[in-house]
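Data block below; observations after.
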Amino acid sequence: MSVVILILILWYSGLFFQTFFLHRYAAHQTFTMSKFAEKVCFVLTWLTQGSNYLSAYGYGVMHRMHHAYADTEKDPHSPKFDSNLFSMMWRTKNIYQDINNKSVQIEEKFTKNVPQWQRFDAFASSRISRITWAILYIVFFIFFATAWWQWLLLPIAFFMAPIHGVIINWFAHIYGYVNFKVSDTSKNLLPFDFLMMGEAYHNNHHAYGGRPNFGVKWHEVDMTYCIMVVLDKLNLIKLKRD
Ligand SMILES: [Zn+2]
Ligand SMILES: [Zn+2]
């Protein structure tokens, strides 16, 4: 049971910092916060995403390109231009690394105000950090797995970020319903998003990228936005009103 709880904690905490910090802050700047709070978010992203750590810069720049070029040849990830989800994941990984290594020329509109903490990113993305986290997950499983099938959950810990990425970038660009007519294939994957903390309302988000709340209909509760409202009330962040 402890192993299942660990996977659930890793799933939702890592996802929270992906959607809250990398997506809604770094890429879309739907709220502001102090430089100190920003640094705290970098560290918490590392603690929650562990071996799957994504840098705000690499994610933020790549994601802005996704919105600008959604479902065209220049889109970093699209089911329309990638033959299967594994080739999409591989291409996404390579583009993310090229952006982070600054080995490709990027237009200024994609990099403007995207937060970056180069020294921390280098440490948190290093092989030593990723391997140490992976060993910690294995050690936890050795101590706490109580049935053979629980070991099947270990790859989820190792591939958390690609799994989260594929759910939205592949499945939410193929399956689901549409609230807004947009020029890309984005869909709302779930009518009530219990799985992706609001990210599954992907059609709403493509229609209104700058909105902090991804939900529109009464049943589209956006858990991340609910937390953001509380953080705003506590003056830890400042929401931009839409
Ligand atoms: Zn999309
Ligand atoms: Zn977005």
Side-chain angles (χ1 to χ4, degrees), residues 14-30 42 45 49 51-118 121-122 124-125 130 158-176 178 180 182-189 196-211 214 224:
L15 179 60
F16 175 76
F17 281 96
Q18 183 264 319
T19 181
F20 169 75
F21 182 53
L22 307 183
H23 190 188
R24 303 186 204 211
Y25 181 74
H28 292 293
Q29 316 204 317
T30 64
F42 272 98
T45 301
Q49 296 186 349
S51 64
N52 285 273
Y53 179 82
L54 288 171
S55 86
Y57 182 81
Y59 178 94
V61 170
M62 186 173 71
H63 186 71
R64 285 181 182 183
M65 291 167 74
H66 169 60
H67 276 268
Y69 302 128
D71 294 314
T72 70
E73 276 173 3
K74 286 168 142 183
D75 188 347
H77 43 73
S78 165
K80 257 177 97 173
F81 286 90
D82 293 287
S83 53
N84 63 65
L85 56 89
F86 294 104
S87 66
M88 184 187 80
M89 284 153 93
W90 191 253
R91 193 163 69 92
T92 308
K93 177 191 93 66
N94 289 336
I95 294 171
Y96 168 81
Q97 281 176 338
D98 285 346
I99 294 168
N100 260 337
N101 299 335
K102 309 218 160 125
S103 57
V104 278
Q105 194 104 49
I106 307 277
E107 283 178 61
E108 203 205 322
K109 64 178 176 181
F110 296 128
T111 58
K112 197 168 177 240
N113 296 330
V114 180
Q116 189 175 29
W117 185 1
Q118 253 170 331
D121 274 343
S125 305
R130 295 198 196 283
F158 292 159
F159 298 107
M160 190 73 81
I163 293 169
H164 286 159
V166 113
I167 291 173
I168 299 306
N169 300 332
W170 184 266
F171 291 101
H173 272 265
I174 302 176
Y175 305 106
V178 164
F180 302 99
V182 286
S183 58
D184 54 65
T185 60
S186 60
K187 312 273 192 300
N188 291 334
L189 189 61
M196 295 299 294
M197 298 204 70
E199 288 284 317
Y201 310 129
H202 201 54
N203 170 255
N204 297 349
H205 174 60
H206 266 272
Y208 296 100
R211 276 174 71 159
F214 290 4
T224 304

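Positions are given from 1 along the sequence.
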More than 12 heavy atoms from other groups under 6.0 Å of [atom1] on [X]:
| X | atom1 | answer |
| --- | --- | --- |
| Lys102 | NZ | yes |
| Phe159 | CZ | no |
| Phe180 | CZ | yes |
| Lys93 | NZ | yes |

Here the gap from Thr224 atom OG1 to Arg24 atom CZ, rounded to the nearest 0.5 Å, amounts to 4.5 Å
Classify the ring geometry of [X] against [Y]: parallel below 30°, tilted from 30° to 60°, perpendicular beyond 60°.
| X | Y | result |
| --- | --- | --- |
| His66 | His63 | tilted |
| Phe42 | Trp117 | perpendicular |
| Phe16 | Phe20 | parallel |

Between Met160 and Gln49, is any pair of side-chain heavy atoms under 4.5 Å apart?
no
Are side-chain heavy atoms of Ser103 and Asp98 found at a separation under 4.5 Å?
yes
Please check if the side chain of [X] supplies one atom and the backbone of [Y] the other of a donor-acceptor pair under 3.5 Å.
| X | Y | result |
| --- | --- | --- |
| Ser87 | Asp82 | no |
| Tyr25 | Phe17 | no |
| Gln29 | Asn113 | yes |
| Asp121 | Ser55 | no |
| Asp75 | His77 | yes |

Apply the side-chain contact (heavy atoms from CB on, under 4.5 Å) test between His206 and each candidate in Asn188, Val178, Asp184; give the one that qualifies.
Asp184
Verify whether the ring centers belonging to Tyr201 and Tyr208 lie closer than 6.0 Å.
no
